[in-house]
Amino acid sequence: MPSLNPRQAEAVEHTGGPLLVIAGAGSGKTRVITRKIAHLIRAHGVPAHAIVALTFTNKAAREMKARVGTLLKGGSGRGLKVSTFHTFGLNLLRREVEGAGLRLGFSLFDAEDAATVLKEHLREHALADAVTPAAALARISRWKNDLMEPARAASTADDDFEAMLADLYGRYQQSLTAYNACDFDDLIARPVRLLRDDRDARERWQNRIRHLLVDEYQDTNGAQYELVRLLVGPRGAFTVVGDDDQSIYAWRGARPDNLARLRDHYPTLRVVMLEQNYRSSARILKLANGLIGHNPHLFDKRLWCDLGPGEPARVLVCRDEAHEAERVAAEIQHTHLTKDRPYGSIAILYRSNHQARPFEQALRALSVPYFLSGGTSFFARAEVKDVMAYLRLLANPADDAAFLRVVNVPRREIGPTTLQRLAAFAAEGELPLAAACADPLLGEHLPKRQLGRLAELAGLLAEQRSQAQAAANPVAAVRALVERIDYAGWCRDNAPSRAAAERRMDNVADLLDWLERLHREAAADAAKDAGSAAGTRLSDLVARLTLLDVLERQDEAEGGDRVHLMTLHAAKGLEFPHVYLVGMEEALLPHRSSLEEAEDAAARPETVADTDTGADTGADTGAGQTGIQEERRLCYVGITRARQSLTFTRARRRRRYGETVTCEPSRFLAELPAAELHQPDSTQRSDAEARAHGSAQLAALKGLFTDR
DNA sequence: TTCTGTTCTGTTTTT
DNA sequence: CAGAACAGAA
């Protein structure tokens, strides 16, 4: 095992008080975190279960746990708590249910469920034209991340529109309470409120945790900052690791200034900077430094490395997106065949998911194995959500969002009119929809036939619920349910093709396997943790499943030797020997929305001053530059994923909304130090290329086949 | 209530 | 251009 450099060692050994590690890209922060956990356990005798490490993705959590496990061979790492913020919040809520204003078996709403609830409210108040559910949800999410209750949001709203949204926020929150549900943001905000208001609970949690570690700290939002502060307590035994240059989640509420804020709250905070890069060649690092030098900084750090200079990076200028993809694919295949370059050592990184398509096609045409991450999430698939909704309904009869999803799946001939009447009746009696179905008084509002159908559904749900609760293994009961509603039959009748139907059923089978696996894990946990009642089991499994995502599934397919395709966001935390950073164009890499934002800000120079922290960073940020700065960091993240070789590509034209548009090179290309760049293409070919453009397809095909 | 053809809308990034 | 939402017919 390589030894630590002095800075890394300092970070590992400083256990006396609060510590902030500013870890540059590729500076070995993972090693520092894992070594530090091992150090706490071995040298300081801290029991593993008193150490909590928080991450942002399940994958990061799993990896960290595995690494600590190998470091501590004797099993002294058993009981170590490594989880994502959200999973941690979920577990806390389960233990403190009533304090958090929930009942056991509560549902976890994802963005789609939340949107359904909001849509209903918007329709009710004839506001459907004023806001989209997604936009309203984004605003509500920001309020929640700033720990603002609906009442305060309403009182601080400075125009009618905001006031309307604040009102909507209040209604939305009421609905969640009625449904015994919470959303993703609540998994953080509710624990914060609880720990803040309930001194007993606060002290209990603070005593349980001897040391708290947070990875990717620059991604924390306002609520997460508070959560960390409350968990850590006055003792302030924590280690947070982050890099302001890799802050790429401001759009979902991340506040990179949380890094700087720590100094005010913890006067004894020690700051350690890791500036030696162990990943990339000197040229790649120079490019990265050159680019990020255009941004203002919270912390002044200079990355250096003593690896060799490496190959120069290239910029490939392509005709259009198909050409771009074909060139990259052909080159990948070529280097694989001639230079023995494993496919698994190569990544294609892009700004947004839809850019993946041409690359998929090109790679497939050459039979190059690839692995696509992101896209439509497994858990976003209709069939998976259907079954999940049934599960939620079994665990939590009050979950109206789930009820609405499954009420007519499979077909039960219950239409909008019937539902409307049912909803009205339920609202009047303040009943959940599922309970209203079985209510004796419902008969007064509905014709017999519809009534019978609803009663039948209610009966089915009640019966399956008691079975699931009685069974030692609720998954078996779930399988029985899927059988009973003949979901397979519904897929067959409903899918566009036979193959699609089979795919759907495969996904359902996968889902059930996941449930089984989680159940086994939970059962193992429950052995030492007597507190889990039988009724909570299923709901817990479902909630965990909601927090899981594609990345989890990927591991199964990840095995083989495949080219990785992913967004820049998904690439954070990873590294590849060879990286293609594609689509280096204005409106694509500084994304269109960030450009528009900058334009807006320039058009009205009196930007509304953000009434927040007051923690002045001293960075001179030009009007509307923040979005572009984040795009620049995104580009920086992409560059710093590369170990040995880096290739940028851009297209001159691109099809967009079915039309062909010309594309300008990204400003970030111009910001890179030219000395480190090699542009094999002469730019004067544009005439010939313009002529060739008409027969682009033919040319592309020729290119494909002459290469073999 | 469901099916089917039609219009229209849209492309950040995700726990 | 492609999927989703929608409106009208059976």
Side-chain angles (χ1 to χ4, degrees), chain A residues 54-61 83-90 108-112 114 119 128 132 134 137-138 141 144-145 183-189 215-216 219-221 223-224 247-254 321 349-358 373-377 379-380 382 407-420 447 449-450 453 493-494 496 543-552 566-573 583 587-597 627-628 630-631 633-635 637-638 654-661:
Chain A
L54 298 177
T55 63
F56 279 83
T57 64
N58 288 298
K59 192 180 182 189
S83 66
T84 62
F85 269 93
H86 287 92
T87 306
F88 182 87
L90 179 67
L108 177 57
F109 279 15
D110 65 10
E112 201 182 321
K119 209 170 165 182
T132 64
L137 195 60
S141 176
K144 286 194 182 185
N145 289 337
D183 63 18
F184 278 24
D185 297 320
D186 284 340
L187 291 181
I188 315 295
D215 192 13
E216 307 284 13
D219 291 341
T220 51
N221 61 33
Q224 283 158 336
S247 161
I248 54 175
Y249 285 108
W251 54 271
R252 67 170 192 205
E321 75 270 18
L349 308 180
Y350 37 81
R351 173 67 235 262
S352 44
N353 280 309
H354 72 270
Q355 287 173 258
R357 269 202 193 166
S373 87
T376 348
S377 152
F379 290 97
V407 64
N408 211 21
V409 174
R411 207 127 281 164
R412 270 184 268 267
E413 300 183 303
I414 300 167
T417 329
T418 311
L419 274 179
Q420 218 163 2
R449 217 165 65 184
Q450 263 68 23
R453 288 168 182 159
D493 299 342
N494 233 266
R544 273 167 199 278
L545 223 40
T546 309
L547 289 178
L548 238 52
D549 209 43
V550 252
L551 287 177
E552 308 302 301
M566 66 185 85
T567 65
L568 289 164
H569 284 88
K572 188 159 75 137
L588 215 53
L589 189 37
H591 191 267
R592 199 157 118 247
S593 53
S594 72
L595 298 176
E596 280 162 11
E597 183 189 310
I628 288 173
E630 180 147 319
E631 298 290 308
R633 289 192 291 268
L634 205 43
C635 186
V637 165
R654 211 171 265 276
R655 284 192 82 78
R656 208 161 181 158
Y657 301 129
E659 262 181 319
T660 305
V661 291

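Only a predicted model underlies this, so the values are computations on that prediction, with no experimental measurement involved. Proteins come first, then strands; the chains are lettered A, B, ... in the order of their sequence lines, and each starts at number 1.
Between the P atom of B:dT13 and the CG atom of A:Leu588 lies a distance of 11 Å, rounded to the nearest Å. Between the C1' atom of B:dT14 and the NZ atom of A:Lys572 lies a distance of 11 Å, rounded to the nearest Å. Atom pair A:Ile248:CD1 and B:dT15:C1' shows a separation of 13 Å (rounding to whole Å applied). Rounded to whole Å, atom P of C:dC1 lies 6 Å from atom CZ of A:Arg655. Taking atom CD of residue A:Gln355 and atom P of nucleotide C:dC1, one finds them 20 Å apart after rounding to whole Å. If you take CG of A:Asn145 and P of B:dT14, they are 17 Å apart, rounded to a whole angstrom. Spacing between atom CZ of A:Phe56 and atom C1' of B:dT15 amounts to 9 Å, rounded to whole angstrom units.
In this structure, A:Thr418 reaches the sugar-phosphate backbone alone: every heavy-atom distance under 4.0 Å involves primed, P, OP1 or OP2 atoms, never a base. Using a 4.0 Å heavy-atom criterion, one finds that A:Phe184 contacts the bases of the nucleic acid, with or without backbone contacts as well.
Once the 5.5 Å centre distance and the 30° plane angle are applied, the aromatic ring of A:Tyr249 is found not to be stacked with the base of B:dT13. The aromatic ring of A:His569 does not stack onto the base of B:dT13, failing the criterion of a centre distance under 5.5 Å from the six-membered base ring together with planes under 30° apart.
The shortest distance between the side-chain N/O atoms of A:Thr567 and the OP1/OP2 oxygens of B:dT14 is below 4.0 Å. Within the 4.0 Å cut-off from OP1 or OP2 of B:dT15, not a single side-chain nitrogen or oxygen of A:Asn58 is found. Contact between the side-chain N/O atoms of A:Asn221 and the OP1/OP2 oxygens of B:dT15 is not found at any separation under 4.0 Å.
Taking 3.5 Å as the limit, the base of B:dT12 and the side chain of A:Ser593 contain a donor-acceptor pair of atoms between them.
Between the P atoms of C:dA4 and B:dT13, the separation comes to 16 Å (whole Å).
Open room surrounds CZ on A:Arg357; 12 or fewer heavy atoms of other groups in view lie less than 6.0 Å from it.
With A:His86 contributing its side chain and A:Leu187 its backbone, the two residues share no donor-acceptor pair below 3.5 Å.
Positionally, the nearest nucleotide of DNA chain B for A:Arg453 lies more toward the 5' end than for the other of A:Arg453 and A:Trp251.
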